[in-house]
Amino acid sequence: MPAVVKDHLSLVRSQQGAASSAVSLKSITCSFSTPKGGTYTAVKDICLDVGEAEFVSVVGPTGCGKSTILNSIAGLLQPTSGTVEVFGKPLQGINRDAGYMFQADALMPWRTAYDNVVAGLQFRGTEPEEMKHLGHQWLDRVGLGRFADRYPHQMSGGMRKRVAMAQMLILNPKIILMDEPFSALDVQTRQLMENELLALWSANRRSAVFITHDLEEAIAMSDRVVVLSAGPASHIMAEFEITLSRPRDVAEIRMTPEFLDLHHQIWATMRDEVMKGYQQSQQG
């Protein structure tokens with residue numbers, strides 16, 4: 001049966017050693033000042049290891065601090081306490097080993113698909129010929145080779161997401177961070193994008209931390225699903241190892257008994273917290 005207890009996973013990873021972790025969160029707490037002069041603690045004492053080449057999804061109720069955790073890994077947010085380590089070293093400032101794909105479109109509207117894809121290479125000072133080769137190569141890999149000259153307003157939502165993926169992956173990050181990147185897409189396009197991402201990730205496996213509200217998406221994509229409690233002071237409630245075989249088709253795998261069993265187990269763990277988070281959002 002494909003269920004895993006958090007303590008067992010922690011034991012396995014501790015036996016593997018810290019060097020096998022791409023990301024290690026060591027008891028991080030993130031608190032913020034409120035407009036009324038108080039303090040709001042988003043997440044508290046979060047301990048999480050992400051192995052090299054491991055795909056980890058983080059799920060939980062609305063407002064539980066999922067993005068806060070991701071921003072801490074990216075170096076965009078300094079935890080109030082605790083430490084973030086990247087490949088065994090304390091993170092100082094921006095995480096240069098990570099690529100970040102945001103929930104909202106982050107494309108520059110005045111740039112074409114090609115110009116958006118190569119923007120990071122330009123900032124790095126990559127030689128023009130190499131940049132041109134890589135830019136067109138990545139547009140081809142995400143199925144947009146014929147649309148290099150299109151601007152974002154001329155592209156569908158799915159096409160813009162493909163450009164954003166290529167823009168991130170062209171920089172060859174060692175760690176991939178994604179904050180609900182497909183949440184605004186329709187169901188069919190979303191499943192196509194999930195399969196495209198898995199294909200690109202499988203071709204050159206990197207550590208990935210994927211934030212989503214969609215439990216089915218988390219199970220279909222991941223090696224491990226981490227469940228957060230409702231906030232404030234959200235903490236990790238449980239972790240589940242996803243033993244479904246790869247490669248995966250995210251639409252087909254959702255029909256299998258193993259998938260349904262995992263969904264039942266994880267939802268049973270998080271159901272009450274989701275309701276608690278919903279009630280808190282209604283009160284706010």
Side-chain angles (χ1 to χ4, degrees), residues 23-50 56-86 90-110 152 157 160-161 164 167-168 175-185 208-215 217-218 225-239 267 269-284:
V23 174
S24 184
L25 305 183
K26 298 182 178 296
S27 299
I28 70 162
T29 295
C30 297
S31 299
F32 307 94
S33 298
T34 65
K36 295 183 179 180
T39 300
Y40 178 84
T41 298
V43 297
K44 184 176 181 179
D45 293 331
I46 297 292
C47 295
L48 176 66
D49 288 334
V50 179
V56 175
S57 286
V58 180
V59 298
T62 298
C64 70
K66 297 185 292 294
S67 295
T68 298
I69 291 174
L70 203 68
N71 288 334
S72 297
I73 298 171
L76 300 175
L77 175 66
Q78 179 70 37
T80 308
S81 64
T83 59
V84 178
E85 292 186 358
V86 177
L91 178 62
Q92 302 290 338
I94 298 298
N95 188 347
R96 303 295 179 184
D97 289 315
Y100 202 136
M101 188 170 171
F102 298 90
Q103 180 178 358
D105 284 339
L107 303 182
M108 291 169 275
W110 60 89
R160 290 195 297 271
K161 290 298 181 184
Q167 183 185 60
M168 175 184 64
I175 301 167
I176 298 171
L177 306 177
M178 309 188 83
D179 191 356
E180 299 192 69
F182 309 136
S183 60
L185 302 176
V209 183
F210 191 91
I211 302 297
T212 179
H213 278 99
D214 188 332
L215 180 54
E217 180 176 59
V225 173
V226 176
V227 181
L228 296 182
S229 70
S234 179
H235 59 277
I236 294 177
M237 295 178 58
E239 302 180 24
W267 177 243
T269 300
M270 62 185 295
R271 181 193 299 112
D272 291 344
E273 297 300 309
V274 170
M275 292 304 302
K276 187 187 300 182
Y278 175 75
Q279 290 169 359
Q280 290 172 351
S281 67
Q282 294 295 100
Q283 293 170 1

Distance check, rounded to the nearest 0.5 Å: Leu228 atom CG versus Ile46 atom CD1?
5.5 Å

Closest approach of Pro232 and Tyr40, non-hydrogen atoms and distance?
CB-CE1, 3.4 Å

Do you know which two heavy atoms are closest between Thr80 and Ser31, and how far apart they sit?
OG1-N, 2.8 Å

Within-4.5 Å side-chain heavy-atom neighbours: Leu215 and Met270
yes

Glu85 CD to Lys26 NZ distance, which is reported to the nearest 0.5 Å:
4.5 Å

Which atom of Ser72 lies closest to which atom of Cys30, heavy atoms considered
OG-SG, 3.6 Å

How far does CD1 of Ile211 sit from CD of Glu217, to the nearest 0.5 angstrom?
11.0 Å

Kindly indicate whether the side chain of Asp105, heavy atoms from C-beta on, has any atom under 4.5 Å from the side chain of Lys161.
yes

Pairing residues for Asp45 by the side chain to side chain donor-acceptor pair (under 3.5 Å) criterion, not counting sequence neighbours
none

Only one of Val56, Ile73, Val226 forms a side chain to side chain contact (heavy atoms under 4.5 Å, CB included) with Val50, so which one is it?
Val56

Which pair of heavy atoms, one from Cys64 and one from Ser229, lies closest together, and at what distance?
CB-O, 3.2 Å

Looking only at heavy atoms, which two atoms of Met168 and Ile176 are closest? And how far apart?
CE-CG2, 3.5 Å

Could you tell me the separation between the CZ atom of Phe182 and the CE atom of Met101, rounded to the nearest 0.5 Å?
5.0 Å

Tightest non-hydrogen contact, residues Asp49 and Leu25, listed as OD1-N, 4.4 Å

Heavy atoms, side chains only, cut-off 4.5 Å: are Gln103 and Ser183 in contact?
yes

If you measure from CG on Leu177 to CG on Leu76, what distance do you get to the nearest 0.5 Å?
9.0 Å

Side-chain heavy atoms of Thr83 within contact of Pro90, under 4.5 Å
no

Only counting residues at least two apart or in another chain, list the ones meeting side chain to side chain donor-acceptor pair (under 3.5 Å) with Asn71.
Tyr100

Rounded at 0.5 Å granularity, tell me how far NZ in Lys66 sits from CD in Glu180.
6.0 Å

